[in-house]
Amino acid sequence: IAAGPKPDCLFLDFVGGAARWVVLYRGASAWDNLAAGTSGHFLKTQGAGADPVWAALGGLTLLTSGTVTSAATLDIVLTSYTAYRGILVVLSEFLPATDGVRLVMRVSTDGGSNYDASASDYHYHATVVSGAGGTAYASTASAAATFIALGNLMGNAADEGYDGCIWLLGQTSTALKPRVFFHGVSMDTGGSSHSEVGAGSRLTAQDTDAIRFLYTSGDIASGKYAVYGIS
């Protein structure tokens with residue numbers, strides 16, 4: 001038998017295309033082909049009345065990650081991530097350059113050109129569990145803030161700073177005030193840990209397309225971040 005493509009393979013190439021991972025399927029009235037999808041997506045059936053499609057797995061999708069060093073802010077633009085119902089940001093080894101400062105966040109509606117920072121733009125509240133001298137519970141709240149505070153006052157030594165998760169939900173809806181939930185742990189200048197669980201909101205309904213993290217004074221000395229889309 002001569003080497004080379006067999007007749008049936010040539011026919012499939014003609015009908016479905018010769019590209020790698022093209023999928024041949026029967027459409028509503030004729031045979032058709034589905035081009036290769038995005039890496040990591042799966043082939044999803046839509047039932048007998050619709051054609052198959054490639055789709056992202058449910059859950060979390062890593063959108064971007066990186067490090068920050070000696071920077072006034074960490075700005076994350078979300079304009080490319082509008083297909084997700086929420087955004088999760090994970091901050092780790094997030095150290096301030098200055099002792100005794102608080103980690104906060106702000107939001108933007110113009111892709112990060114400007115961030116809302118007026119005196120009554122935000123409301124937030126948190127429960128702080130302290131490891132210093134036993135367990136103490138305290139609630140804090142602000143109804144007229146220039147930011148959403150994420151952490152307790154923290155130190156800038158190598159084993160201090162902040163680690164935590166921040167969820168932003170309803171970020172693309174112009175009918176909703178963007179919601180923020182957070183859970184993190186910070187280490188203060190005395191070496192004691194503080195667990196913070198809280199929530200906050202921008203007090204205006206808006207399409208939020210960028211977020212900013214910063215300390216109340218001084219730079220971000222160093223830190224790592226990862227941004228996930230919530231399907």
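Along the sequence shown, the residues carry numbers beginning at 1. What's counted below: heavy atoms across the whole structure, side chains too, no hydrogens, waters or symmetry copies.
One hydrophobic cluster, built from ILVMFWY side chains closer than 4.5 Å, cannot hold both Leu63 and Val77; they sit in different ones. By the rule that hydrophobic residues join a cluster once side-chain heavy atoms approach within less than 4.5 Å of another member, Leu150 and Tyr225 end up as members of one cluster. Hydrophobic cluster membership differs between Phe182 and Tyr115, with clusters built from Ile, Leu, Val, Met, Phe, Trp and Tyr side chains linked at under 4.5 angstrom. Follow the hydrophobic side-chain contacts under 4.5 Å out from Val128 and you never reach Met187; the two are in separate clusters.
When side chains are defined from C-beta on, Arg106 does not count as touching Phe213, because their heavy atoms never get closer than 4.5 Å. Between Lys177 and Thr204, the closest side-chain pair of non-hydrogen atoms is not below 4.5 Å. Side-chain contact between Arg85 and Ser231 is absent, with no heavy-atom pair separated by less than 4.5 Å. Side-chain atoms of Tyr215 and Ile220, non-hydrogen and from C-beta on, do get closer than 4.5 Å to each other. Using a 4.5 Å heavy-atom cutoff, the side chains of Thr82 and Asp209 are not in contact. Using a 4.5 Å heavy-atom cutoff, the side chains of Asp116 and Gln206 are in contact. Side-chain contact between Val180 and Arg202: absent, with no pair of heavy atoms (C-beta onward) separated by less than 4.5 Å. Between Tyr84 and Leu78, every side-chain heavy-atom pair lies at or beyond the 4.5 Å cut-off.
Cluster partners of Ile230, using a side-chain heavy-atom cutoff of under 4.5 Å among ILVMFWY residues and allowing indirect links, are Leu60, Leu62, Leu88, Val90, Trp167, Leu169, Phe181, Tyr228.
For the atom pair Leu95 CG and Asn156 CG, the distance stands at 8.0 Å (nearest 0.5 Å). Annotation: the span from Lys224 atom NZ to Leu74 atom CG amounts to 14.5 Å, rounded to 0.5 Å. From Ser186, atom OG reaches atom CZ of Phe94 across 13.5 Å, with rounding to the nearest 0.5 Å. With rounding to the nearest 0.5 Å, the separation of CD1 in Ile148 from OG in Ser201 is 6.5 Å. Interatomic distance, CD of Gln171 versus CD1 of Ile211, reported as 9.0 Å (0.5 Å rounding). Here the straight-line distance linking atom CG of Asp207 with atom OG1 of Thr109 works out to 8.0 Å at 0.5 Å rounding.
Panel note: side chain Asp188, backbone Leu153; no donor-acceptor pair is recorded below 3.5 Å. Of the possible polar contacts, one joining the Thr216 side chain to the Arg102 backbone as a donor-acceptor pair under 3.5 Å is found. A side-chain donor-acceptor contact under 3.5 Å links Ser108 to the backbone of Asp110. A donor-acceptor pair is defined here as one N or O able to donate and one able to accept, closer than 3.5 Å; no such pair exists between the side chain of Thr146 and the backbone of Ala119. Side-chain atoms of Ser118 never come within 3.5 Å of backbone atoms of Ser120 as a donor-acceptor pair (strictly under, hydrogens ignored).
The nearest pair of heavy atoms linking Val68 to Ala71 is CG2-CB, 3.6 Å.
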Report the C-alpha distance between Leu34 and Val22 in whole Å, list the side-chain angles of each, state the deciding distance to 0.1 Å, and finish with yes or no for side-chain contact (heavy atoms from CB on, under 4.5 Å). CA-CA 6 Å; Leu34 180 66; Val22 167; over 6 Å; no

With side-chain contact (heavy atoms from CB on, under 4.5 Å) as the test, would you mind laying out the steps for Glu196 and Asn152 before giving the verdict? CA-CA 7 Å; Glu196 297 93 12; Asn152 199 52; 3.1 Å; yes

Between Glu93 and Tyr162, does the side-chain contact (heavy atoms from CB on, under 4.5 Å) criterion hold? Intermediate values first, please. CA-CA 6 Å; Glu93 302 173 43; Tyr162 180 86; over 6 Å; no

Any chance you could lay out the side-chain contact (heavy atoms from CB on, under 4.5 Å) test for Val104 and Leu214, step after step, and finish with the verdict? CA-CA 6 Å; Val104 303; Leu214 69 158; 3.7 Å; yes

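Pairs of residues two or more places apart, or lying in two chains, that qualify as side chain to side chain donor-acceptor pair (under 3.5 Å) and include a residue from residues 56-81 are Thr73-Asp75, Asp75-Arg212.
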